[in-house]
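Notes follow the structure.
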Amino acid sequence: MKKLITTIKNIFAIEDLRVRILNTLGFIAIFRLGSYVVLPGIDPTQLKSGAQGILGLLDAFLGGAFGNASIFALGIMPYISASIVLQLLTIAVPYFQKLQKEGESGRKKINQYTRVLTIVITLAQSVGFLATINAEAIDPSVAGPLFTISSMIILTAGTMFCMWLGEKITDKGIGNGISMLIMIGIVSRLPGALVGEALALGLGRALIFIIELIVLFFVVMSVVMLTQAIRRIPVQYAKQVGGSASLQAGQRQFIPLKVNAAGVMPIIFAQSLMFLPGMIASFWRNESDIANEIGNVFSDYTSWQYNLSFAVLIIVFTFFYTAISVNPNQISDDLKRSGGFVPGVKPGLATSEYIDEVLTRITLPGAIFLALIAILPSIAMLFGITREFAAFFGGTSLIILVGVVLDTLNQIESYLLMRHYDGMMKSGKLRGRSKNIAVAS
């Protein structure tokens, strides 16, 4: 406890870090306040509660802003969708590949395309969002085309403002602002979920609630290990001749390959696809028994058929996203240009094949573990845990939450170590983020 208090004092003793933390808290407060500002012409007391499916997932990311029909109802999710589209285009389209290689100027152009695409996606999603609002919640005096158009403009402006807040948190605050806003939306639901679970169990089952918290702790620790786990490939750099004609010993560093290089994207992709069978089956629900069965299976998140299909999709998408985000050929070429090589492996094609083989071997257990984490909320619900609290036992929410917290701690760690203070951990650095690891990219 004494070390924790000393660390907090050290954090606020650094003026730049103190200002960044206060700025971050201020921007987050604005974001949370905006999630309660309801769209003009909507009666919040008449809104339907408990969005399910992909809408429930979106509402969880936005901290209830979607269910409140607020001006931030779509949040920064359209921006994330646009970023994913542009990322895929940089792999498939030569023009965007060229932009990516142009350095800072190319990145600025890609960012401009991302912003324009964000506006287009937001306008399209705002129409779908307005369609989900029940008619009773809309004031009859304003209902009509003018209400739809004005709401689309307000929702688009709200998304762009959220994007601006995220960029300001990145520039003036701590860490990745976009990820920070998603994390805050998720964390804002945790107190209500804890209270709801405690009330559901009652005082007579307090021991069960304590056991659930202990299990949750170990689940979080396992997600931390998955997020931080890396496979280090040793790299040797050739000896160099110095100015005094003396040989300098070659440096030995590492290429870190993450066990879960795909992050949370496989779960998001898989979860999006899992809603398609039920949606398609709904068109023939009253005409076919098979369609009824398919609709029932894929609407029950606790069924073994749903979870097995979900897990398989996650494993497939983990390999797919890892393949497009980690390029062994580029790593091999970068090593060759810098005079580095993997001991025992020939430079060039052999190095690329070796890195690809290692990446495949570590991705499989990482994908299986990621799939297990993703279906843990369904397993938790089978044991009687409420849906709101079970969401924190795994899935997209927990992985995003852990990733952002670790990234924020790493940012604070860097400030402390630069000012010669002890870090957040006794070792002086976050485990898995050693300074002697060289990233070849």
Side-chain angles (χ1 to χ4, degrees), residues 87 90-91 97 100-101 103 221-266 315-371 402-403 406-407 409-411 413-414 417-418 423-441:
Q87 186 178 3
T90 56
I91 299 171
Q97 290 178 354
Q100 192 178 35
K101 296 178 181 179
M221 291 300 102
S222 65
V223 174
V224 171
M225 289 190 294
L226 175 65
T227 304
Q228 295 289 84
I230 59 172
R231 166 71 158 82
R232 300 195 301 179
I233 296 180
V235 176
Q236 184 73 37
Y237 288 90
K239 294 181 179 180
Q240 300 176 351
V241 178
S244 58
S246 60
L247 288 177
Q248 297 178 353
Q251 295 181 347
R252 188 178 181 88
Q253 295 181 338
F254 301 93
I255 299 174
L257 296 179
K258 299 191 69 172
V259 174
N260 181 29
V264 75
M265 295 310 300
I315 293 173
V316 171
F317 278 122
T318 300
F319 277 95
F320 169 75
Y321 203 81
T322 301
I324 66 175
S325 59
V326 182
N327 190 344
N329 292 329
Q330 183 179 354
I331 296 176
S332 176
D333 293 341
D334 291 341
L335 279 177
K336 192 174 181 179
R337 282 195 296 268
S338 60
F341 62 93
V342 178
V345 182
K346 293 182 180 179
L349 180 60
T351 298
S352 175
E353 292 177 347
Y354 174 75
I355 294 174
D356 184 66
E357 181 183 0
V358 172
L359 189 63
T360 301
R361 289 181 176 179
I362 65 175
T363 299
L364 179 59
I368 294 174
F369 192 49
L370 184 64
V402 169
L406 289 175
D407 184 62
L409 288 176
N410 187 54
Q411 294 281 345
E413 183 87 359
S414 300
L417 294 179
M418 282 192 300
M424 300 288 287
M425 306 297 181
K426 288 184 178 180
S427 61
K429 59 180 178 291
L430 291 177
R431 188 172 181 83
R433 298 178 183 266
S434 179
K435 290 184 293 184
N436 65 342
I437 294 178
V439 181
S441 59

* Can you name the closest pair of heavy atoms from A367 and F319 and give their distance? -> CB-CE1, 4.4 Å
* To do: Report the C-alpha separation of E357 and R361 in whole Å, then their side-chain angles, then the decisive distance to 0.1 Å, and conclude whether the side-chain contact (heavy atoms from CB on, under 4.5 Å) test is met.
  => CA-CA 6 Å; E357 181 183 0; R361 289 181 176 179; 2.7 Å; yes
* Shortest non-hydrogen contact between I362 and K258, atoms and distance -> CD1-O, 3.7 Å
* Would you check if the side chain of T351 reaches a backbone N or O of K346 as a donor-acceptor pair within less than 3.5 Å? => yes
* Structure fact -> To the nearest 0.5 Å, atom CG of L370 lies from atom OG1 of T318 at 5.0 Å
* To do: Determine the minimum heavy-atom distance between V235 and G340, stating which atoms define it.
  => CG1-CA, 4.3 Å
* **Contact check, side chains of F369 and V259, non-hydrogen atoms, under 4.5 Å** => no
* In Å, rounded to the nearest 0.5 Å, how long is the span from CG of D407 to CD of E413? -> 12.5 Å
* Between CG on residue L364 and OG1 on residue T322, distance to nearest 0.5 Å -> 11.0 Å
* Quick one: does V402's side chain get under 4.5 Å of L226's, heavy atoms only? -> no
* Asked: Which distance, rounded to the nearest 0.5 Å, do you find between the CD1 of I230 and the CZ of F254?
  -> 9.5 Å
* Structure fact -> Given the options D333, I355, T360, P328 meets side chain to side chain contact (heavy atoms under 4.5 Å, CB included) only with I355
* Asked: Considering all heavy atoms of both residues, which atom of P343 and which atom of P234 are nearest to each other, and what is their separation?
  -> CD-O, 3.3 Å
* Can you tell if the side chain of N410 reaches within under 4.5 Å of the side chain of L406, non-hydrogen atoms only? -> no
* Minimum side-chain heavy-atom gap N260-T227 below 4.5 Å -> no
* Asked: Quick one: CD on E353 to CG on N329, what's the gap to the nearest 0.5 Å?
  -> 9.0 Å
* Structure fact -> Heavy atoms of S332 and G348 approach each other most closely as OG-O, 2.7 Å
* **Heavy-atom check, side chain of L335 versus side chain of Y237, under 4.5 Å** => yes
